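See structure below.
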Amino acid sequence: MEIAPSDCPFPGCLFCVMKEDNPTKRRAGIIKFFKDLPLQDEDGQVLPISGLWNTAMAHPNDPEFIELGIFECMAALIWKGLKNRRWLSRDQNIYIPYYAAHIIGSYTMNLEEFAVSAVNALVIPPLVELLRGRLTWVEQRVAVRALGHLATYASTFPAVSNHEEVLELSIQLALSSLEIVYSHFYKSVDRRPRYHCDLLTRGMGGTEMESRKAEEWASQLQCWSLQLINCFAFKPEFLPDICKPEFVMKLPGMWGGLVNENSPAGIGLLRTICHHKLGRGTVVNCPGILEALRNIARSSDDWQYMAIECLIWLLKDPSTCHKVIDIAAPALIDLAEIAKLGDHLRLGDSIVELLQESLQTCHSISNHVKEEIQELVISRQRLKWEKNMSKEDLHIKQAAALVVKLEGNSLFSSGKIAEAASKYSEALALCPMRSKKERVVLYSNRAQCHLLLQQPMAAISDTTRALCLHKPFNGHAKSLWRRAQAHDMLGLGKESLLDAILFINECSQSKDTELSLRQNRVPDYATKLLKKQMRFTWLFREAAMKHGGVYSEHFDGDAQDDEADSDWETASESDLGDDRRESEF
């Protein structure tokens, strides 16, 4: 059978085979190509492999190559690269194991039947060898991606878990991936492997683009490792290996960064762990992890609901409730006005019901937290009472709240911050519960007072309440900015950064002339905070400081920006006057 035209220098090559019009000949040619490719030593093999990679990325659900032996071919090529270093170093063969593992991962990410075919083709053993680090971190990245897809399906998970080292390797990779990429690639600008640079940028960028892509890939390496671990975490028999304090306590800090914000990362794994009693027992005994969950729950993180779920599971468990109630309850109280978060309907009502139950079942609640829960219950009763009030009586309450609020504004303008905060509290007690817009402003104004009184936790509490009441949820620009400052005061860089970004996004869409970005320019005070927090949350920051990178020196110098701090405070003070227009009843 003559598959290739006479002018083709590579008879039987994939591109010639794919041009064959006769379906039977085309099928036979592809089967032969997949069988012969791992046995060939000629140069130029990377070209058809990269073509297959493009096809797998563009059409991952197309069964044609699956049925004709692509998985067997890719597994054989990975083994060849691992066992024959002379072949690997020739021509551009160094790229082939990476492409082969990537092709396996692409074809197994959507359809379980393809994953079954991959397992039957024995792709797991060579992928595990790549996961060990037999080549480099670049191949580890695509290996953990492919194994994560195979572990997702019930029918193929056992084949992955039978390799006992996979879980431990994934845990170690999640812990060390950022340092590996930083020390082996990022910091060594003059010694970066050429093929790494080409894969990162597709040959289209210089050093700066390589560095940016390396940060993105490092984040993916960590997040995909966590995704693979998460598949194991659903099985109780693997929890003892996962729920080790030295690992679990680091999970809140594994967040993917801005370069990989779509991954639930560490908080996603924590959520799975908290579904199990053993996991909950580990979480409550890890120093700082409850505070981290509380902070994520009261932030603009896309995975905020996962942190809330973790706190709810810990509160529901009688064996952990007493250890978490004083930390979890204040955060959940602030979130009690959420009507809907993602797919969670009546989330606020569920929180209130749980906190009421905790009053009865948990006997180690501090008096302060007990009072806060009781106040929350009373506020819900107020809402019911107000439904039976006449419109005239409601208008009287609104008018009274407005008078007191204006008194607070006057006190604030006079520099009497503590007295102003008290007036806003008084106004909140008067303001009808259903007057949500007015309550948003009162909470936000009181939060500004807390900021100036150096009370960041109180400011976070009030701004969170304002953002929960606001429609859309997390859409009140001034509260976002104030919470960004409060988070900054507590050294919570990630939370501050996310609030600041959302603040800028809200301003760009605002109809308020005081808030809208003039000439599409981000305010200087917001730019300064963004730059500070982006340095603070830089993915490689810890690795750079550990390895003596120049970045840590820049960070130490830039972090102490007193002028920026004063600018942020001044900008916030001027906001209160704007609230007067916003707060008209």
Side-chain angles (χ1 to χ4, degrees), residues 3-4 9-18 28-57 64-108 114-115 117-150 159-160 162-163 165-166 169 184 193-200 221:
I3 296 176
F10 303 106
C13 81
L14 178 66
F15 303 105
C16 296
V17 169
M18 296 300 291
I30 294 173
I31 291 173
K32 185 176 187 303
F33 171 80
F34 284 147
K35 285 184 177 179
D36 291 349
L37 185 62
L39 305 176
Q40 297 173 355
D41 288 326
E42 292 85 356
D43 293 343
Q45 289 185 339
V46 73
L47 187 59
I49 296 294
S50 64
L52 290 169
W53 171 80
N54 277 313
T55 301
M57 290 286 286
E64 181 181 25
F65 289 161
I66 310 301
E67 298 167 354
L68 302 182
I70 192 170
F71 286 138
E72 290 83 353
C73 178
M74 296 304 109
L77 287 170
I78 295 173
W79 278 125
K80 187 173 183 179
L82 290 168
K83 295 177 179 180
N84 190 340
R85 294 304 177 101
R86 180 177 296 180
W87 171 82
L88 191 66
S89 62
R90 280 178 43 197
D91 192 38
Q92 294 181 307
N93 293 340
I94 190 67
Y95 295 84
I96 291 178
Y98 169 88
Y99 280 129
H102 204 300
I103 288 167
I104 294 170
S106 295
Y107 275 124
T108 55
F114 287 7
S117 296
V119 169
N120 292 337
L122 303 179
V123 302
I124 293 179
L127 290 174
V128 172
E129 292 304 307
L130 293 182
L131 186 68
R132 290 179 185 277
R134 287 278 302 276
L135 293 181
T136 72
W137 65 270
V138 166
E139 290 79 16
Q140 281 181 303
R141 170 180 167 270
V142 287
V144 77
R145 170 180 178 261
L147 289 167
H149 292 156
L150 293 171
V160 177
N162 284 340
H163 293 263
E165 65 271 46
V166 168
L169 287 170
H184 291 186
R194 184 68 262 158
Y195 88 98
H196 283 186
C197 298
D198 289 342
L199 288 172
L200 283 163
L221 178 58

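These numbers come from a predicted model, not from an experiment.
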Those residues that, when tested against V166, pass side-chain contact (heavy atoms from CB on, under 4.5 Å) (two or more places apart):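 side-chain contact (heavy atoms from CB on, under 4.5 Å) check on V166 returns V128, L131, V160, H163, S170, L228, F232.
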For the student: nearest non-hydrogen atoms of F34 and L68, plus distance: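 Looking at all heavy atoms of both residues, the shortest contact is CD1-O, 3.4 Å.
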Full working for side chain to side chain contact (heavy atoms under 4.5 Å, CB included) between I103 and F65: CA-CA 11 Å; I103 288 167; F65 289 161; over 6 Å; no
Taking the side chain as every heavy atom from C-beta outward, state whether [X] and [Y] have any atom pair closer than 4.5 Å.
X	Y	value
H102	R145	yes
K80	L37	no
T55	Y107	yes
W79	P125	yes
V17	K32	no
N84	N93	no

R86, CZ: over 12 other non-hydrogen atoms inside 6.0 angstrom: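 No, CZ of R86 has 12 or fewer neighbouring heavy atoms, counting only those of other groups under 6.0 Å.
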Counterpart residues, ring pair (Phe, Tyr, Trp, His ring centres under 6.0 Å), relative to H149 (two or more places apart):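 None.
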Side-chain H-bond candidate by donor/acceptor type, H184 with T136, under 3.5 Å: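 No, no side-chain donor-acceptor contact under 3.5 Å.
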